[in-house]
Structure formats: C-alpha cells, structure tokens
Amino acid sequence: MEEIQNKVPCREEQLNDLFNLLGEGDECLPCSIFISGSMATGKSLCVNSVLRNLNYKHVIIDCIECYTPKIMYEGILSGLDDEEIEVKCETLMDLTNNLNRLQEAAIGNNPVVIVFDRAERLRTMDHNIMSAFLRLRELCNLNVCTIFITHLVYENFYFKMGVREPIKLYFPNYNKEELFKIIFLHQKSFINHLLITHEVDDDIREELEKPELFANFLNAFLSVFYRPCRDLIELQHMACVNFIKYCEPIIKNEINATDLSKLWRHISPILKSSLELLYLRISNSKAVNPSPGKENSDGESIPVHNFENTLKEELTSTKTFAQSFELPYYAKFLLIAAYLASYNPPKEDKRLFMKNHGKQRKRLQQVKAKAKITEKLNTQLGPKVFTLDRLLAIFYAILEEKIGLTSNLLAQIATLVELKLIAGSKEIDLDTAKYKCIVGYDFISAVAQTVGFNVRKYLYDFM
Amino acid sequence: MCGLASDNPLEVQIKLIRKYLKLKIMADNVSFRGHSQERDHIYDLFKRTVSHGESHSALMLGPRGCGKTTLINSVLHQISKEVDLSNDAIIVRLNGLIHHDEKIALKSITAQMQLENAVGDRVFGTFAENLAFLLSCLQSGADRRCKSMLFILEEFDMFCHSGRTQTLLYNLFDITHSEQAPMCVLGVTNRLDVMDLLEKRVKSRFSHRHLFIFPNEHDSQRAPQYKYRDVLVQLLSLPVQKVVKKKARSRRNTVSEETEPDTVLENSLPPHILARYPDFEHLNPDFILDWNQHIEGMAEDYKVIDCLEKLCYYSVNEQIFRNILFELVSKLSCDSPYIDASDLSAIIDKTVAPEHRVKLLQSLSILELSLVIAMKHGMEIFDGQPMNFEMVLHRYTKFANSNSSTQTVPRPVILKAFEHLQELEIIMPVKTTDSIYNGSETTANRVQKEYKLYTLAVPNEDISDAVKNFKALPTEINHWFNNSVI
C-alpha cells in the first residue's frame, strides 16, 4: 500500500476507495464503478496501479481505439483469455457466451475487472452497449466489475430508459501544493534533461542539483502558470522548458545560484513570454528528447512536434506567420479585398469604397453607429460569403493603380483558396462561385502592413 | 484465502464477514421480500404452465431497481424445488439489451433450447418457420407431449422496435394462442407506455395481463425509510444458527435438496451460491452474535433513520441502496471493525447529491472559470442566445482590462482554454452536432472554430455554487461574478 502511494502521490483517498471497493481475494466485486474527473488527475494511473497491485485479471480498453463494437468485444476476450486463440465476436451475445465459457474453463470465482478508458466515446456507439456493460455482472456468470473512466460527469451520459446505477467516484484536481509536490518528485529527470542539453562543470552541477534551487524555480513557475493552466502534463512540459532557461545564467556563471532575487528577475519575463506558448507545444529549443517526468503518463502524452527551427519562429506569432506566406503584391490585395467583403455588409460597400457617396445620410449613420452592439459586430459573428463580382469590385476600389483582369489575377484567387486563406471552390466559375475569407483580423492587418494599407479604415465595424 | 494465512483472528473474521456481506448484497438474486400478491400471481402462472400445460402471457411493469428480476428468480427458485424444472420445462431468458435483434434472439433461443444440432445448417425462409421447427423438434423428440416453455423477456421495450416489424413478439404471442406447445411469455419492463409501442397484431394476441410493481406500494402507512431499515438489517445480518450446523446443512443440501427444508437459517445466502465459497465455515459464532447485535443496535440509531429518510427523498431504487451498503461494507477493516453511522450518512450524501458538476467547475483554472462567467453574463444579456468564442473573448478582455491586477494571456491560450471547456462539455455547440465527438459537418456549412456558436451546458446555480466555494479565487473574479453585467 505504501509502495503504491509513493508511486501515485496525492491520491490517498481515491486509492483507498478503489482498494475498498475491489476488495481482495475472491471477494464479490461491485457491479460497476464510474470514475470522473478533469484531465490529468491520475484516474487511469490510479486504476491501473490498483489493479496491478491486486493482481486481478483485468483488461483495459481504450474506447478511442474501438471504432466498432467488435474491436472492443474481441479486445476484452483476448485480454481475459490466456490462450492465444483468435475469437470472433460480433455481438453482445457472443461476448456474454464467451465470457461464460471462460468462467467455466478458467476463471471460476476469481475477480475480473474490465476498464473502459475514455468512456465518453461509448456514447457514440449503439446506446445499449453502455447499458449492457453497466450491468454486465447480471448478464454473465462471472465475478466481474466494469470500471468507466472519463473526464465527463455522469450527468453527461444520458440514458433514455435509465440504467443500473454505477458507484460513482470523483477525482478532484491537484491543488497548487500537490502539483508542486508531484513535479518536485521528478526533479532528477529535470536535472538529467538539463545535463543532456548543456555542458556543465562539476561544481556548478552540484549547485544545480540542490533541491532548493528547483523548489524556488517551481514556486516562481507555478505562481505564473497556475492561473491559466491546471493540467499536470502541460505544466510539467512547460516547467521542463523553462527550467533550462532558469539555469542558463547559472551555467554561464552570470548569476550565482544562491542569488534568488536576481534569478527571479531573470526568469519572470521569460515565464511571461512562454505563457504565450502554453498548450501550443512550439518549443524554441531544438530539444527533441521526450520531456522528462512523463514516464507515468506515456499513455496520454501528445507527441511533441518537431518543427524546423525557422518554421517554429514563424508560427509563434500571427504576424510572422502571415509574412511567411510571401504572397505576391496583387494576391495580398485580393486577400484584403476578400476580408473586407467578408466582414462588411454589402449595402455599405457604396459608402466605403466610392469617392462620391453623398453626405445626406451621415446623421443617420451616426445614430446607427451608436446603436451598434458589440456582440452583433460583423467581426464577432464571423465571415459572410461573397461573390466573385464583389471581390473584384472591392479589389479594384482599394487598388490605386489600374490593372487588367487577366487570367493570372484569377489564378491568384485559386492560389489563395489552395492556401486555405479563402474558403471556396478551386475552379473559378465567374457566375456562381461563392467565397469566404477565413483568416483573422491579426493576419490581415499584418498583410496590410506590408503593402501600406489601413484595413481599419475600410471596416464598417470600426467606423 | 489470503485472510486465512494471517495470524490475527480478528482480521480473519472481519475479512470473512466482509466477504460474506458483499456476497449477500451483490450476488443474492433469489431472496425476495414483499409484493406477495404479485409474486403469487407469477408463481401461479409459471406453475400452471409447467404442470398443467396452459399457455399464458403477461407483462410486469415497474421502475428500475424495484426487484422485478429478483421476483422472477425467486419464483423460479421456488418452483425448481417443487417440480423437476429442468426436465419438465425449458426456460428461455432473453434480455432486450443483448437480444433485441431478431436473428440474435433466435440464435439464443436455439442455444437455450439446446437444439443447435437439430438445426444444423438448415436454412429457413421466415422467422416463424424457424420457430415452428424448433417447437416441432421438442415435440417429436420423445413420445410424449411437448415440454412447457417459459419465455422471460427482460427489457421488453427493447423488443418493440418501432421501425421494423415485431416478428419475435408476434410469433411468441401467437404460439400462446395455438395448441402447438404450452408456453408462458413474461415481459419485464420499466416503461409504462410499453403497450403503445406494440403493433396492432401483437397487441391483439397479448392477454393484457399486467402486473405493476411499485417500491412503496404495499405498506403505505409506514414511511419508506423503515422499509429500508429492515432491508439494511436483513442484508447486513449474518446467519444466526451455529456455524457447525450450517456447514452440515449446506453439504447436505448439495446432495439432496428435498430432505432438509430450507428454513433452518434465517438471513442466510441461498445454498447454491454458498457452495461456491467454501471458506465461510471458518466464521466464528461468537463473532456473528456480536456482529448481529451491532447491526441491530445500529438500526435503532436515530441518525441512521435520518440518513435513510434523506435517501428516500431522492430515490427508492433498491439497487442504489445496495450500492450504498456495498460501499459501507467495503470500508470494514481491522482498524474499523464496525459500521459507523457517520460513514453511512457520508456515503448517502455522496450518492444522492454528488455535485460532480460543481466539483468539475471548481477544478477549472481561473482563466477557464473566467470564460464561463463571461459566457454566463453574455447569455444573461442576450436572453440565452448562443455565443461564439469572439464574443466571449470580448467580454473577458473587457473584464481583464478593467482589472489591472489580472495577468493578461494571449489569444491562442484563451482559445485553448475555450476548447478545454468544450471538451469537458461545460459548453456545447448549438448546431446539430451535440458533441464534439460526432462532428459530421459537411465542408459547405463549416464555420471557423472562433465563430461556432455555443451555449452554456451547466445550470447557473452550479456556477454560483462553484464560485462560492472556489478555493483561493481572486476577489475581483468573485466581484465580477456577483455584479454581473459590466
């Protein structure tokens, strides 16, 4: 018990509950257990380690892998059957028959646990599957218990005709102290990771390995990151990235490892800027090693994308991303025109783009402008579709020079569609084609800046 | 097993008690209490079919967890002691959850009649032909009349497909009217309007014999918590007789059932279950006496009655109550060898009002909670109209700008937080797709994720509960929440 609590920290209560419910030896198991809790709260880890510790016969089915029930049934059977026989199992009836056969042949009274991870996926399957699994114990002779693990609460599972109610357990989030404790457990791997990526002298290395240094770093780190993010996996990843930066001045002998206030002043802007990269998994360093401290969560780890360095930098901000397309001059104007066409109401075109639109309606416009509600702004409701005619009209209106309508120009539109900057059909049909601009304001203003064009001036919302 | 290996006698006994009680709570599907009238009715039906060869059909209706299946089990158990059920009758049990498909049902019927060999590779034109063949097999087998058949259809409503024809039901009910074979068809369901689902031709062949079972029906003058108390005492008590005698009895019972009447022990498990677990003979009789006294003492405790009354307000589902008892019993250990009334009340509180959604809201990060609040405000202003990410972001930034103390986070991070909310189904898209997992939109009407419309899927009360009890919530957010519209 102690051993398992060391392995799964800060989950004593939940582990106890699970041990109690599952009992020991050939005790009777409960019919079904429903475990919910937000992401990265140790649900699967707890269940897995408890089952391994009890040494029960168990199968763990990840429902995300089971796009048909057949895969799930066969997974259950092959997990429970010691002999390597290919069992065909298409229906629930086959499953219960096979389970009964197993009971007679091998299992007897011994407890069997079937775990459904990501059980929210079961809802998209035939509705009787989950109902049947919730009462699997009644349907076959085994001493069986089904455990459902999901990040949704039980109320999100809607059963039309009701089901046999499971025993429900809830896994709360780790609080700040617990997060600190858990990440701190992995100090070793953080240090190792640091040592792999940097050449370090022996005396400095001793300094770095001091737990106080890491504790100080974690305090600073959590004070910034705890607010927007409580996901342990993500926090571990970000801590790893930032710890290297924290230690860099120490390695370079610029800051003494004991000078905490100086270190804090060094790290706080870095933490602020890396806050922008939270969840985005775009790391600036070339580190491709899997981030440390994730050994126990390998089932859930998202592969760290390894972009080329240049691409990474471009992706970090919309502005550089927009420039990375290196669009031709006219294509930029076409894109801007598409944006304007998408976010301006067509009846305002005349006023926005024509030189002599008359002033008689000005007073009315002002009244309207005051009545504008922010939630009803075009920029908030999303882009509208427009026709090719309108796009070209706006394009010529905002372009100072006069150019002919060549096939080259039309090909540019197709290119923009291909680049997924504009949504629409790839072939240009002059009469029926409908388009929609699907880039945001940030992107457009970055593009407009390169050609010296003020988008705001032509947007109805900002008038 | 492992309990016997340890030296501490207390531990051994506690483990045995725990195991016994767990078994009693979960595995005992034969003992049935109350509803004697309905039980007699079913008993009568089955008995007449088995011994007199009459045909019947009936429907048993009652809410979930009121003991419909247990009733049938107990009746079958009783009949099996009186007549030779395995030779005189065939029991076919179908469950709507598993056998709702006709082909599967037929396969299962064949298997339960043990006629797989007779059918072999034969191909049948229709369902009726197939069923008729099965019946004829039974008749021609020996030179005697056909065996009686008991069809028990659980989750009966699942057999009443609305789209397809109800072939199985039609054929079964049809046979009850013909002279082919004595057959009793008993449907079990919790759907009260099940008759409306039946086809006309099926309905006309059904005998319209309804049996309603309601949890609190028969003793209306007593409050339901006292019934629960009785159940509690009954389920948690151990068999009173001396263990030596019990051991002898269970052995004899396995050999010949008729010689020893089954009423020697009260509160005991039925012998066919006990036979699977031999190590209960190690239970110490003194311990049992002590334990039963403890249980009876507990049942008198007014705290226990209070808890049970609270439970009765929420649910009268006996399965839920059994789950509660199971959790209670599973807490028994060397350190806490007795059941504590406060444990019971804690488990009942947890079961009836889990408030997992509030806890889920409290597990959100401050940023995510702020988005939820922003969305709530927005929906209040616009009379519950759905909102997209841009609108929520607009409200949030308005708040963040007015409070200099809040750290600003960049837009992509907020978008991620928004997606996290969506994944937890705290917010739900309004479109035809009701979940992100079955998104089957066509490319034509696809909207960018920033502009997709969402509604809040959690009630306002839950949000305010969550905000009220949120640990270390910044005051400005609390303030913002309470002062609603900015």
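Both backbone and side-chain heavy atoms feed into the values below; hydrogens, waters and symmetry mates do not. Keep in mind that what you see is a predicted model, and the values were worked out from it rather than measured. Each chain gets a letter, A, B and so on, in the order the sequences are listed, and its residues count up from 1.
Distance check, rounded to the nearest 0.5 Å: OH of A:Tyr154 to CZ of B:Arg357 gives 13.0 Å. Distance check, rounded to the nearest 0.5 Å: NZ of B:Lys107 to CG of A:Asp94 gives 5.0 Å. In this structure, B:Lys331 NZ and A:Asp17 CG are separated by 5.0 Å, a value rounded to the nearest 0.5 Å. Taking CD of B:Glu327 as the reference point, atom CG of A:Asn20 lies at 9.5 Å (rounded to 0.5 Å). We find the NE2-CZ distance between B:His356 and A:Phe34 to be 9.0 Å, quoted to the nearest 0.5 Å. Remark: A:Met93 CE to B:Lys103 NZ distance equals 12.5 Å, nearest 0.5 Å.
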Derivation and outcome, side chain to side chain contact (heavy atoms under 4.5 Å, CB included), residues B:Glu425 and A:His151
CA-CA 9 Å; B:Glu425 299 198 358; A:His151 58 249; over 6 Å; no
Under the side chain to side chain contact (heavy atoms under 4.5 Å, CB included) criterion, do A:Thr91 and B:Asp101 qualify, and how do the steps go?
CA-CA 10 Å; A:Thr91 60; B:Asp101 187 86; over 6 Å; no
Test side chain to side chain contact (heavy atoms under 4.5 Å, CB included) on B:Lys350 and A:Leu169; report intermediate values, then the result.
CA-CA 9 Å; B:Lys350 223 179 79 185; A:Leu169 294 181; 4.0 Å; yes
Criterion side chain to side chain contact (heavy atoms under 4.5 Å, CB included) on A:Glu24 and B:Lys15, from CA distance to verdict
CA-CA 9 Å; A:Glu24 58 185 41; B:Lys15 272 186 182 156; 2.5 Å; yes
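Of the atoms belonging to A:Pro172, not a single heavy atom falls under 4.5 Å from chain B. In this structure, chain B has a heavy atom under 4.5 Å from the backbone of A:Cys229, while its side chain stays farther away. For A:Asn175, no part lies near chain B; criterion is any non-hydrogen pair under 4.5 Å. When heavy atoms are compared at a cutoff of 4.5 Å, B:Leu364 approaches chain A solely by way of its backbone atoms N, CA, C and O. For A:Val385, no part sits under 4.5 Å from any heavy atom of chain B, backbone or side chain. For B:Glu155, the part sitting under 4.5 Å from any heavy atom of chain A is the side chain, from C-beta outward, and nothing else. Contacts between A:Ser38 and chain B at a heavy-atom distance below 4.5 Å involve backbone atoms as well as side-chain atoms. The part of B:His99 that comes within reach of chain A is its side chain, from C-beta onward, which places non-hydrogen atoms under 4.5 angstrom from that chain. For a residue to count as touching a neighbouring chain, one of its non-hydrogen atoms must lie under 4.5 Å from one of that chain's; by this rule A:Thr150 does not touch chain B. B:Asn323 touches chain A through backbone and side chain together, each having a heavy atom under 4.5 Å away.
Under a 4.0 Å N-O distance rule, the pair A:Glu27/B:Lys22 qualifies as a salt bridge. Between B:Arg64 and A:Glu165 there is no salt bridge, since no side-chain N of the basic residue sits under 4.0 Å from a carboxylate O of the acidic one.
Residues A:Met39 and B:His420 form a side-chain contact, since some pair of their non-hydrogen atoms from C-beta on lies under 4.5 Å apart. Counting only heavy atoms from C-beta outward, the side chains of A:Tyr170 and B:Leu360 approach each other to under 4.5 Å. In this structure the side chain of B:Leu367 never reaches within 4.5 angstrom of the side chain of A:Arg230, judged on heavy atoms.
The candidate with the highest count of non-hydrogen atom pairs below 4.5 Å against chain A, out of B:Ile98, B:Leu332, B:Leu393, B:Leu23, is B:Ile98. Residue with the most contacts toward chain A among B:His100, B:Arg93, B:Glu450: B:His100 (heavy-atom pairs, distance under 4.5 Å).
Taking 4.5 Å as the heavy-atom cut-off, the residues of residues 129-138 of chain A that approach chain B are A:Ser131, A:Ala132, A:Arg135, A:Arg137, A:Glu138, ordered by number.
B:Leu97 and A:Asn128 get closest at one heavy-atom pair: O-ND2, 3.0 Å. Closest approach of A:Arg227 to B:Pro474, counting heavy atoms only: NH1-CG, 3.5 Å. Here the closest non-hydrogen pair linking B:Phe326 and A:Leu29 is CZ-C, 3.8 Å. Nearest approach of A:Cys31 to B:Met26, heavy atoms of both residues: N-CE, 3.4 Å. Of all non-hydrogen atoms in A:Leu21 and B:Ser330, the two that sit nearest each other are CD2-OG, 3.9 Å. Scanning both residues, A:Leu152 and B:Glu423, for their nearest heavy atoms gives CD2-O, 3.6 Å.
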